[in-house]
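What follows is a single structure, written as structure tokens, with notes after it.
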Amino acid sequence: MLDFYRRLHRTIRPSSGDDADEVRADGGVVSDGPAADQPTEPDRDATTRLKAALDRRFGSDFMESSVFWLPPFLLMGLFVYGAVIWNLLISLTDYERFENAPDYSDLDFEMYTRALADSGFIDAAVNTLILLVLFTAGTLVVGLLLAILIDRGIRFENSFRTIYLLPMSLSFVVTAQFWLWIYNYNNGIANSVIGTFGLGPVSWLGNQDIVLYAIIFALMWQFSGYAMVVYLAGLRAIPREHYEAAKVDGASTLKMYWRVIIPQLKGATISAAVVLMVFGMKAFDFLYSLVGGYRPPNGADILATKMVREAYANLNWAYGSAIAIVLFAMALGVIGPYLVYEYRRDNL
């Protein structure tokens, strides 16, 4: 009798119909098919294949680590790239001041056509290119010379390295005030120095023919320490056997660096040049602090200052957005080839 009740407690089948579900001992129902909220076998196979493909492409922990990288990725996409897309849309309208909301129903390239016909925009674009080329090339040359000097084991190496790198720690605002005193027409250090040779005084910031080069020189002073550190790291990574082999072959010091050492600094040169060009495009802070306004001295207007002046001083939002998109395209032109170069070297 006890065995009978045990078998009855384990499973009871209802008597109504052949397709009736099996009743479990705890009162639940044992169904032959999958539950409604459970994935079917094809769904599980598709999910497994997708996860395997993502793991093969991005790594075995891609899905598991998504809880860490996905939220900042979405926030970056919304507030950075979403803002870029929104700025692009505004540049295709005629939005100005705060009178009406932008009209996105009639998009055109009128602001870009206006920019190409604007002599102020052309001058600012030319000045931007000159600044990028001269500032980057000059900073790299000075940084390389300083790195070679320190790498050759001069006395007080650590002290010199700190002195050269110190300007990099200063903000554009501090640097602008510092050079504003140096370029002072009446009692600035620059005019005092050239005055000992019977020259000057020179209006460094008032002469439109030299103001841009005076600004480039000030920026070179600030960032040469950064280029020095990058090149010094590259020099320290070169095996000493290369120096010894060049000396055995009878190469002079100049030829050794020019033909053996400097060609091995290609990676350091490219990475430093990209960073310097990006800093050059962000020179608005320096120019704004130098003159205390949106209008830099004649001959020193760049795209960054013209963009801010059109947007916030003249309230031409669409035109300012168009200039911002041009600057963004220039930045992509600098960073894009570098990313491709690093990707081909399997560094990404």
Distance-only, no hydrogens or angles: does the [X] side chain make a donor-acceptor pair with backbone N or O of [Y] under 3.5 Å?
X    : Y    : value
S169 : L165 : no
N316 : E96  : no
N87  : S321 : yes
W317 : R97  : yes
S91  : L88  : yes
Q177 : V173 : no

Between atom [atom1] of [X] and atom [atom2] of [Y], what is the distance when rounded to the nearest 0.5 Å?
X    : Y    : atom1 : atom2 : value
Y95  : L315 : OH    : CG    : 9.5 Å
I130 : Y213 : CD1   : OH    : 5.0 Å
L205 : I215 : CG    : CD1   : 6.5 Å
L254 : R259 : CG    : CZ    : 9.5 Å
N314 : K306 : CG    : NZ    : 8.0 Å
M256 : K247 : CE    : NZ    : 5.5 Å

For atom OH of Y104, is the number of surrounding heavy atoms from other residues, nucleotides or ligands below 6.0 Å larger than 12? yes
Could you name each residue pair satisfying ring-ring contact (aromatic ring centres under 6.0 Å, His included) that touches residues 254-291, not counting sequence neighbours? F223-F279, F284-Y288, Y288-Y294
For T93 and D103, which I'm curious about, is there any donor-acceptor pair between the side chains at under 3.5 Å? no
Do the side-chain N and O atoms of T305 and D301 include a donor-acceptor pair separated by under 3.5 angstrom? yes
Taking the six-membered ring where the residue is Trp, are the ring centres of F178 and W221 under 6.0 Å apart? yes
So W179 and Y183, would you call those rings parallel, tilted or perpendicular, with 30° and 60° as cut-offs? tilted
Result for side-chain contact (heavy atoms from CB on, under 4.5 Å) between Y164 and one of I150, L232, V142 points to I150
Electrostatic pair R114-E110, nearest N-O below 4.0 angstrom: no
Tell me, do W181 and N187 make a side-chain contact under 4.5 Å, heavy atoms counted? no
Candidate pair Y319 and D118, rule side-chain hydrogen bond (donor to acceptor under 3.5 Å, both in side chains), full reasoning: CA-CA 11 Å; Y319 190 35; D118 184 2; 2.7 Å; yes
